[in-house]
Amino acid sequence: MTFRAMILGAAAGGGLPQWNCGCENCNLARAGQIPAQTQSSLAVTGNGIDWAILNASPDIRAQMAAAPPLHPTDLRALSLSSVLVTNGDIDHVAGLLTLREMQPFTLFATRGIHEVIDENPIFNAVNREVVPRRTVTLDAPTEIAPGLTATLFAVPGKVPLYLEGDEVQTDLIGEQTVGVELRAGGQTAYYIPGCALLNDDLRARLKGASTLFFDGTLWADDEMVQQGLGQKTGKRMGHMSMSGPDGSLAAFEGLDIGRKVYVHMNNTNPVLRPASPERAEAEARGWIIGQDGMEITL
Ligand code: MLT
Ligand code: MN
Ligand code: ZN
């Protein structure tokens, strides 16, 4: 019971509803007919007391207000040990600006992700004297909260949208997109909110895992195009979709993973409608559709 995770935000960048989106899901969420979801973040504790937040979403203020274990325990005391970010995307770092109130915690990321944050002077508002920026080496276990260890590993992905040049490699392997192996009390769980491809390395690593939180951005690679919302496919965004022969539903079949939980779902994804056939299919194939406030004992 002490090693557990709380989904602070189950949606991808934009959230559900997204401010400027009139798609079916966003309209249903605005009308209160399906649950709204905030942007991508997971809180984890290894001892039931001290917490790490994985990814600082632009919704972090409301997410923390809605999560009693993350409330202040004294005038200016919190059980928040650290924030760890898995890439430099806006939905995963913009929330750092909310955490600028001279409150101590440690900011963990790879060197490559720290460089992106360091290069942007607005993040100087998060005072380094109070919030040390610690570099995590890939594949080296690091304690991110008392009793909780994180090991970062490269997963195929791309640089943040705001750093894209003319040519974009969407399945780069390096420090810009990472997954997290979480370990406490002999138990292990994985958090991979963005992943372009399940390659052999990743397949071998995840085989037999007891719990996995995984990239659920889109149901179909072309769903944003189909819904008239733009030209971008999931592949172009560096996300593998759920359905289809290359999708995560197929890719994880037979990998013997105890609990598979989708997170980072885009507002267009039909699984966000509880009564949709796509959600029924994902659940029948062994997946849990993450949602804000969901707690999972690891
Ligand atoms: C993504 O996950 O693809 C990004 O968060 C997109 C974005 O920056 O809006
Ligand atoms: Mn994202
Ligand atoms: Zn929408």
Side-chain angles (χ1 to χ4, degrees), residues 7-42 53-60 63 83-97 109 113 116-117 120 155-165 168-172 176-180 191-197 213-242 248 262-273 276 278 290 292:
I7 298 179
L8 297 182
L16 173 71
Q18 177 174 312
W19 72 285
N20 65 338
C21 190
C23 81
E24 183 184 357
N25 282 357
C26 287
N27 288 338
L28 287 169
R30 270 184 211 100
Q33 289 173 20
I34 61 173
Q37 308 291 342
T38 61
Q39 297 169 82
S40 181
S41 182
L42 187 76
I53 291 181
L54 310 185
N55 289 320
S57 101
D59 298 318
I60 196 164
Q63 291 169 339
V83 174
L84 181 153
V85 299
T86 61
N87 62 23
D89 284 353
I90 290 172
D91 56 345
H92 287 165
V93 302
L96 292 172
L97 298 175
I113 297 171
V116 171
I117 297 170
N120 191 328
V155 303
K158 66 167 185 64
V159 299
L161 180 61
Y162 57 89
L163 293 178
E164 285 185 4
V168 181
Q169 188 186 336
T170 56
D171 61 352
L172 267 177
Q176 78 296 322
T177 308
V178 299
V180 188
Y191 172 61
I192 308 175
C195 183
L197 179 77
F213 297 91
F214 194 76
D215 184 346
T217 306
L218 300 182
W219 172 261
D221 191 53
D222 65 350
E223 91 194 18
M224 293 177 59
V225 184
Q226 290 297 330
Q227 294 187 38
L229 296 167
Q231 290 312 308
K232 276 212 178 144
T233 61
K235 284 201 177 82
R236 175 61 185 79
M237 295 191 294
H239 295 290
M240 68 190 287
S241 300
M242 295 180 177
S248 51
Y262 277 127
V263 292
H264 192 280
M265 287 163 287
N266 193 56
N267 53 70
T268 50
N269 193 321
V271 304
L272 290 168
R273 296 193 299 276
S276 68
E278 291 86 353
D292 285 20

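Read the numbers this way: they start at 1 and go in the same order the structure lists the ligands and their atoms. Since we're looking at a predicted model, the values are computed, not measured.
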Practice item. Identify, by atom number and element, the atoms of ligand 1 in contact range of Asp89, meaning under 4.0 Å from any of its heavy atoms. Key: 1 (C), 2 (O), 4 (C), 5 (O)
Practice item. Give the minimum heavy-atom separation between Tyr191 and Ser41, together with the two atoms involved. Key: OH-CA, 4.3 Å
Revision key, fill the gap. Shell check on the Mn ion (ligand 2): protein N, O or S atoms less than 2.8 Å away are Asp91 OD2, His264 NE2
Point to revise | Heavy atom of His92, distance to ligand 1 below 4.0 Å | key: no
Study note, to complete from the structure: Listed as residue and atom, the protein N/O/S atoms under 2.8 Å from the Zn ion (ligand 3) are Cys21 SG, Cys23 SG, Cys26 SG, Asn267 OD1
Review point. Is a side-chain donor or acceptor of Gln33 paired with a backbone partner of Arg273 at a separation under 3.5 angstrom?
Key: no
Review point. Are any non-hydrogen protein atoms located under 4.0 Å from atom 4 (C) of ligand 1?
Key: yes
Check your understanding: Which atoms of ligand 1 have any heavy atom of Asp91 under 4.0 Å away?
Key -> 5 (O)
Practice item. Return yes if a side-chain donor-acceptor contact under 3.5 Å exists between Thr86 and Asn55, otherwise no. Key: yes
Just list the side-chain donor-acceptor pairs under 3.5 Å for residues 13-22, sequence neighbours left out, or say none.
{"residue": "Gln18", "atom": "OE1", "partner": "Asn267", "partner atom": "ND2", "Å": "3.0"}
{"residue": "Gln18", "atom": "NE2", "partner": "Asn20", "partner atom": "OD1", "Å": "2.7"}

Check your understanding: Does any N or O in the side chain of Tyr162 come within less than 3.5 Å of the main-chain N or O of Ile90, such that one atom is a donor and the other an acceptor?
Key -> no
Practice item. Indicate the atoms forming the closest heavy-atom contact of Tyr262 with Gly216, along with that distance. Key: CD2-CA, 3.6 Å
Exercise for review: Output the list of atoms in ligand 1 that are nearer than 4.0 Å to some heavy atom of His264, sorted by atom number.
Suggested key: 2 (O)
Check your understanding: Does Ala196 offer a backbone N or O that forms a donor-acceptor pair with the side chain of Asp171 under 3.5 Å?
Key -> no
Check your understanding: Which option out of His239, Lys158, Gln18 puts a heavy atom nearest to atom 1 (C) of ligand 1?
Key -> His239
Check your understanding: Which residue supplies the protein heavy atom nearest to atom 9 (O) of ligand 1, what is that atom called, and how far is it?
Key -> Leu161 CD2, 4.4 Å
Practice item. Check side-chain hydrogen bond (donor to acceptor under 3.5 Å, both in side chains) between Thr217 and all other residues, then give those that pass, not counting sequence neighbours. Key: Asp215, His239, His264
Practice item. Taking Gln227 for its side chain and Thr268 for its backbone only, find out whether a donor-acceptor pair lies under 3.5 Å. Key: yes
Review point. Does the side chain to side chain contact (heavy atoms under 4.5 Å, CB included) test come out yes or no for Met224 and Asn266, once each step is laid out?
Key: CA-CA 9 Å; Met224 293 177 59; Asn266 193 56; 3.8 Å; yes
Practice item. Using modelled atom types only, decide if a donor and an acceptor are shared between the side chain of Glu223 and the backbone of Asn269 within a distance under 3.5 Å. Key: yes
Practice item. Determine, stepwise, if the pair Cys23 / Leu229 fulfils side chain to side chain contact (heavy atoms under 4.5 Å, CB included). Key: CA-CA 8 Å; Cys23 81; Leu229 296 167; 4.1 Å; yes
Review point. Hey, is the main chain of Ala10 close enough, under 3.5 Å, to the side chain of Asp292 for a donor-acceptor pair?
Key: yes
